[in-house]
Amino acid sequence: MMQITTTSLEGFLLVEPRCFQDERGFFLETYQESRYRKAGILDVFVQDNQSRSINGVLRGLHFQVKRPQAQIVTVMRGRIFDVGVDLRRDSSSFGRWHGVELSEAGPRQVYMAPGFAHGFCVLSDWADLHYKVSQNYDAHDEGGLVWNDPNVNIQWPLIAPFVGWRDAGYPSLDILSPEQLPHDLTVEAGNHE
């Protein structure tokens, strides 16, 4: 039905929904609660978001501080390099990152548990992304990690990405205090029923 692949970071999963394709086009289910629960993704998702970005854009690394979000990120159109950085203070992989190329041809999705910073860069002419998140967005709860933090050392596939002023101004991990990192432990454990 769908394939789940673990990565080097616990809580950062590659998700490949089954895609039915023929000469007319394709069909796939991007989310079905019971199927995702059976795969171990137990979060309750409360908000859907969509973004479009052009080639060379790098967005991130974003997170929410007091209400960390689990996310399912789906590439609807285009190709990206998607990155999660583990900011869960009690995690054995704290400060480590994992990146994966996602595209409309597949694989299409990643799942991130609450407590990850998320970012991506666009490798195609443009890319449309859809996000399911487990907490409502709160502009007053935003946090960020600078995309080129030498302590994290993400190997982005772009030499000179187009980064917005806000993303370029985020601090490095060594400057972030524990209060500036995702820290709602009840949410980090998962928003489970």
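- Using a 4.5 Å heavy-atom threshold, the side chains of Q180 and V65 count as separate.
- Placement of W97 and L123 within a single hydrophobic cluster is found when ILVMFWY residues are connected by side-chain heavy-atom separations under 4.5 Å, directly or transitively.
- When all heavy atoms of F63 and A117 are compared, the pair lying nearest together is CD2-CB, 3.8 Å.
- Counting heavy atoms from C-beta outward, F116 and L87 have side chains that stay 4.5 Å or more apart.
- Listed by chain and number, the residues in a side-chain hydrogen bond (donor to acceptor under 3.5 Å, both in side chains) with S91 are D86, S93 (sequence neighbours excluded).
- Counting only distance, with no hydrogens or angles, the side chain of W156 and the backbone of W147 share a donor-acceptor pair below 3.5 Å.
- Note on residues 119-129: pairs passing side chain to side chain donor-acceptor pair (under 3.5 Å), not counting sequence neighbours, are R52-D128.
- Evaluation of the ring-ring contact (aromatic ring centres under 6.0 Å, His included) rule for H130 yields no partner, not counting sequence neighbours.
- Every residue two or more places apart in sequence or in another chain was checked for a side-chain hydrogen bond (donor to acceptor under 3.5 Å, both in side chains) with R77, and none qualifies.
- Atom CZ of F162 has 12 or fewer heavy atoms from other residues, nucleotides or ligands within 6.0 Å.
- Listed by chain and residue number, nothing satisfies the salt bridge (Lys or Arg N to Asp or Glu O under 4.0 Å) test with R96 (two or more places apart in sequence, or in another chain).
- V73 has its side chain within reach of L129: a pair of non-hydrogen atoms, C-beta onward, lies under 4.5 Å apart.
- A donor-acceptor pair is defined here as one N or O able to donate and one able to accept, closer than 3.5 Å; no such pair exists between the side chain of Q47 and the backbone of S134.
- Separating the NZ atom in K38 from the CD atom in Q32 is a distance of 10.5 Å, to the nearest 0.5 Å.
- The shortest distance between side-chain heavy atoms of P182 and R88 does not fall below 4.5 Å.
- Taking the side chain as every heavy atom from C-beta outward, H183 and R89 approach each other to under 4.5 Å.
- If you chain together hydrophobic residues whose side chains sit under 4.5 Å apart, F81 and V146 fall into the same group.
- With hydrogens and angles left out, the side-chain atoms of R108 and S103 include no donor and acceptor closer than 3.5 Å.
- Summarising the geometry of P68 relative to G115, their closest heavy-atom pair is CB-N, 3.7 Å, with the distance given to 0.1 Å.
- Checking side-chain atoms of Q155 against main-chain N and O of N153 turns up a donor-acceptor pair under 3.5 Å.
- E101 meets the salt bridge (Lys or Arg N to Asp or Glu O under 4.0 Å) test with R79; sequence neighbours excluded.
- Legend: residues meeting salt bridge (Lys or Arg N to Asp or Glu O under 4.0 Å) with E16, ordered by chain and number and at least two apart, are absent.
- Counted by atom type alone, T74 and Q109 present one or more donor-acceptor pairs between their side chains at under 3.5 Å.
- Residue pairs meeting the salt bridge (charged side-chain N to carboxylate O under 4.0 Å, His left out) criterion with at least one partner in residues 130-155, sequence neighbours excluded, are D48-K132, E142-R166.
- Grouping Ile, Leu, Val, Met, Phe, Trp and Tyr residues whose side-chain heavy atoms lie under 4.5 Å apart, directly or via other members, places L13 in a hydrophobic cluster with M2, I4, V15, Y31, Y36, I41, F45, I72, Y111.
- Heavy-atom minimum distance, A127 versus I80: CB-CG2, 3.7 Å.
- Proximity of H62 to D167: side-chain heavy atoms (C-beta onward) are separated by under 4.5 Å at one or more points.
- With contacts defined as side-chain heavy-atom distances shorter than 4.5 Å, the pair V152/L145 qualifies.
- The side-chain hydrogen bond (donor to acceptor under 3.5 Å, both in side chains) check on T7 picks up nothing, with sequence neighbours excluded.
- Under the 30°/60° scheme for interplanar angles, the aromatic rings of Y131 and H118 are found to stand perpendicular.
- Under a hydrophobic clustering in which Ile, Leu, Val, Met, Phe, Trp and Tyr are joined whenever their side-chain heavy atoms come within less than 4.5 Å, directly or via other members, L61 and L102 fall into different clusters.
- For the side-chain contact (heavy atoms from CB on, under 4.5 Å) test with F94, the passing option among V85, L9, L181 is L181; the others fail.
- Interatomic distance, R59 CZ to S51 OG, rounded to the nearest 0.5 Å: 5.5 Å.
- Under a hydrophobic-cluster definition in which Ile, Leu, Val, Met, Phe, Trp and Tyr are linked whenever side-chain heavy atoms come within less than 4.5 Å, directly or via other members, L58 and I154 are assigned to the same cluster.
- With hydrogens and angles ignored, the 3.5 Å screen pairs no side-chain donor or acceptor of Q64 with any backbone N or O of Q69.
- Residues satisfying the salt bridge (Lys or Arg N to Asp or Glu O under 4.0 Å) criterion with D22, sequence neighbours excluded, are R24.
- Listed by chain and residue number, S177 satisfy the side-chain hydrogen bond (donor to acceptor under 3.5 Å, both in side chains) test with E179 (two or more places apart in sequence, or in another chain).
- Within the 4.5 Å cutoff, no side-chain heavy atoms of V75 are placed close to those of D82.
- Note on V133: it clusters hydrophobically with F120, by side-chain heavy-atom contacts below 4.5 Å among ILVMFWY residues.
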